[in-house]
There are 2 protein chains.
Amino acid sequence: MTVLRRNMASRKNIWVDMRHIILYGLLLAILVFLLKWLQWKFLIADNATDIYIGLIAVFFTILGVWIATQLIKPKTQTLIVEKEVYVSCSDGFTMNEAELHKLNLSNREYDVLQLLTKGYSNAEIADNLCLSLSTIKTHVSNLLSKMDVKSRAQAIEKAKRLKITP
Amino acid sequence: MTVLRRNMASRKNIWVDMRHIILYGLLLAILVFLLKWLQWKFLIADNATDIYIGLIAVFFTILGVWIATQLIKPKTQTLIVEKEVYVSCSDGFTMNEAELHKLNLSNREYDVLQLLTKGYSNAEIADNLCLSLSTIKTHVSNLLSKMDVKSRAQAIEKAKRLKITP
DNA sequence: TTAATTTTCATACTTTAGTATGAATGCATT
DNA sequence: AATGCATTCATACTAAAGTATGAAAATTAA
């Protein structure tokens with residue numbers, strides 16, 4: 001699993017954009033004029049000073065919040081992507097241990113099964129394992145019983161279907 | 001390809017945490033005391049009012065920025081993740097037309113081969129195709145010759161290996 | 001139409017596969 | 001030691017597979 005972190009910020013740095021500075025300056029200028037106007041209009045009394053300061057405090061607090069939001073906006077985004085990868089199965093043989101275990105075959109019986117599923121005759125299996133034909137017949141017969149089939153052909157088909165043999 | 005967007009903010013909502021509100025209140029109180037002290041200390045002159053307001057403005061602007069950063073901090077992050085999903089081919093049988101053509105089997109012989117590779121006996125094949133046992137024996141015999149094998153077991157193994165039969 | 005090929009079937013025979021039974025050996029567990 | 005299981009082998013028998021040969025009907029190509 002590979003994790004890619006990618007900066008998705010498309011917005012340019014606002015310090016490069018001078019419009020924000022100009023806007024800030026204008027707001028300050030307007031505020032100064034507003035304050036001067038209020039000063040001459042009401043001839044501020046001592047008991048009105050607290051309200052005056054309160055208004056200024058509220059205004060600049062809001063201004064600060066707005067500036068901060070502007071500063072913070074270029075935030076880095078990262079995405080989680082789930083990608084499907086198709087894996088080609090070249091040969092595609094994966095031993096089915098579970099099914100093999102169910103059959104409860106002995107080691108020798110499995111040896112015989114492996115040769116049997118390669119198309120070997122009883123005589124060939126006997127030669128290959130250095131055993132007598134009788135022994136192979138016995139093993140095959142028990143094998144067919146355990147696999148619940150009636151012929152070596154069915155055994156081959158079933159073994160390959162259950163993937164207990166290459 | 002599936003895209004998952006996940007909010008990665010681990011920080012809890014600060015409004016739930018009362019400490020910030022208390023801190024804000026304390027700062028305001030301290031500020032008020034400071035202002036009162038300054039008021040009595042310097043007996044503010046008219047020409048000093050601008051400086052006084054300026055200080056307040058700067059202070060509350062900074063305070064606003066600080067509040068905003070605290071509020072906005074849980075910014076949504078999105079991650080880009082590539083997750084490998086392994087897709088196995090269910091049974092992976094793809095007919096090998098080329099190999100089948102090489103064998104030069106007749107239609108009927110191929111019919112027989114298909115049943116033969118399913119583990120059917122000659123008698124079962126005869127029943128299935130509504131033919132006599134003799135006919136099946138003939139077909140199988142010719143089949144084995146054309147496939148260059150010596151038994152039906154080898155025929156099954158070869159047919160499955162060459163992928164000319166499921 | 002003729003010729004070649006496929007498909008079908010039969011009979012006789014050989015070979016292989018598969019079953020049944022019994023038995024001897026070795027190995028591990030109880 | 002006794003038991004159970006795996007392994008080996010043998011004999012006798014039955015069933016199925018596979019071969020060889022011939023032949024007739026159906027289909028396809030020339």
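Computed from heavy atoms alone, side chains included, the values below leave out hydrogens, waters and symmetry copies. Labels below follow one simple rule: chain letters A, B, ... track the order of the sequence lines, proteins then strands, and each chain is numbered from 1.
Heavy atoms of A/S134 sit under 4.0 angstrom from at least one base atom.
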Might you work through the side-chain contact (heavy atoms from CB on, under 4.5 Å) test for A/R108 and A/L131, ending with a clear yes or no?
CA-CA 11 Å; A/R108 219 43 168 162; A/L131 297 175; 4.0 Å; yes

I'd like to know whether A/T135 forms a side-chain hydrogen bond (donor to acceptor under 3.5 Å, both in side chains) with A/S132, so could you lay out the CA-CA distance, the side-chain angles of the two residues, the decisive distance to 0.1 Å, and finally the verdict.
CA-CA 5 Å; A/T135 306; A/S132 76; 3.0 Å; yes

Does A/M147 form a side-chain contact (heavy atoms from CB on, under 4.5 Å) with A/L103? I'd like the steps, not just the answer.
CA-CA 6 Å; A/M147 292 182 71; A/L103 296 178; 4.1 Å; yes

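To the nearest 0.5 Å, the span separating CG on A/D148 from CD on A/Q154 amounts to 9.0 Å.
Rounded to whole Å, atom C1' of C/dT6 lies 13 Å from atom CG of B/L131. Nucleotide D/dG18 holds its C1' atom 14 Å from the CD1 atom of B/I136, rounded to whole Å. Rounded to an integer number of Å, the gap from A/L129 CG to D/dA6 P is 18 Å.
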Each nucleotide of nucleotides 17-30 of chain C classed B (base within 4.0 Å of a protein heavy atom), S (only sugar-phosphate) or -, in 5' to 3' order, makes BBB-----------

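Side-chain nitrogen and oxygen atoms of A/T135 include at least one within less than 4.0 Å of the OP1 or OP2 phosphate oxygen of D/dC9. Contact check, A/H139 against D/dT8: a side-chain N or O comes under 4.0 Å of OP1 or OP2.
Under the 4.5 Å side-chain heavy-atom criterion for Ile, Leu, Val, Met, Phe, Trp and Tyr, B/L63 and A/W66 are members of the same hydrophobic cluster.
Applying the under-4.5 Å side-chain rule to Ile, Leu, Val, Met, Phe, Trp and Tyr, the cluster around A/L133 consists of that residue alone.
When every heavy atom of B/A153 is checked against every heavy atom of A/I156, the shortest pair comes out as CB-CD1, 3.6 Å.
Salt bridge absent: B/E99 and B/K163 never bring a charged side-chain N and a carboxylate O closer than 4.0 Å.
Of all the residues in residues 100-112 of chain A, not one reaches under 4.0 Å from DNA chain C with any non-hydrogen atom.
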